[in-house]
Amino acid sequence: MFRKRDGSLRAVSAACPHKGGPIADGQIDNKVVLCPLHLNAFELDTGCSTTGAAPLRTYRVDIDDGQIVVSVPRTDKAG
Ligand code: FES
């Protein structure tokens, strides 16, 4: 989960689609996150790579009564 400069939140997959790098350890600017392993860049809004990698999965984030709610499609849930 990342917070953009405007205060909005973006939730993305924890594992990079390239080789499983730790996206949470990546650096962000206001548009992209850089995977720390091989520096592929992914748009925070869409997950699309700007460096030619497969897209990063993104998740809808809502604030409900002060709680952060991340919507995960049923196919992504364990079990
Ligand atoms: S594992 Fe993320 S760019 Fe290679």
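Every number for a ligand or one of its atoms is a count from 1 in the order of the listing.
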Taking the side chain from S49 and the backbone from A41, do they hold a donor-acceptor pair closer than 3.5 Å? yes
Keeping D29 on the side-chain end and V32 on the backbone end, is there a donor-acceptor pair under 3.5 Å? yes
Protein N, O or S within less than 2.8 Å of atom 4 (Fe) of ligand 1, waters excluded: H18 ND1, H38 ND1
Any pair with a residue in residues 1-23 that passes salt bridge (Lys or Arg N to Asp or Glu O under 4.0 Å), sequence neighbours left out, goes on the list, sorted by first then second residue, please. K4-D45, R10-D45
Nearest heavy-atom approach of P17 to P55 is CG-O, 3.4 Å
Could you give the distance from CZ (R57) to CZ (F42), rounded to the nearest 0.5 Å? 13.5 Å
Between the CD1 atom in I68 and the CG atom in L9, the distance rounded to the nearest 0.5 Å is 5.0 Å
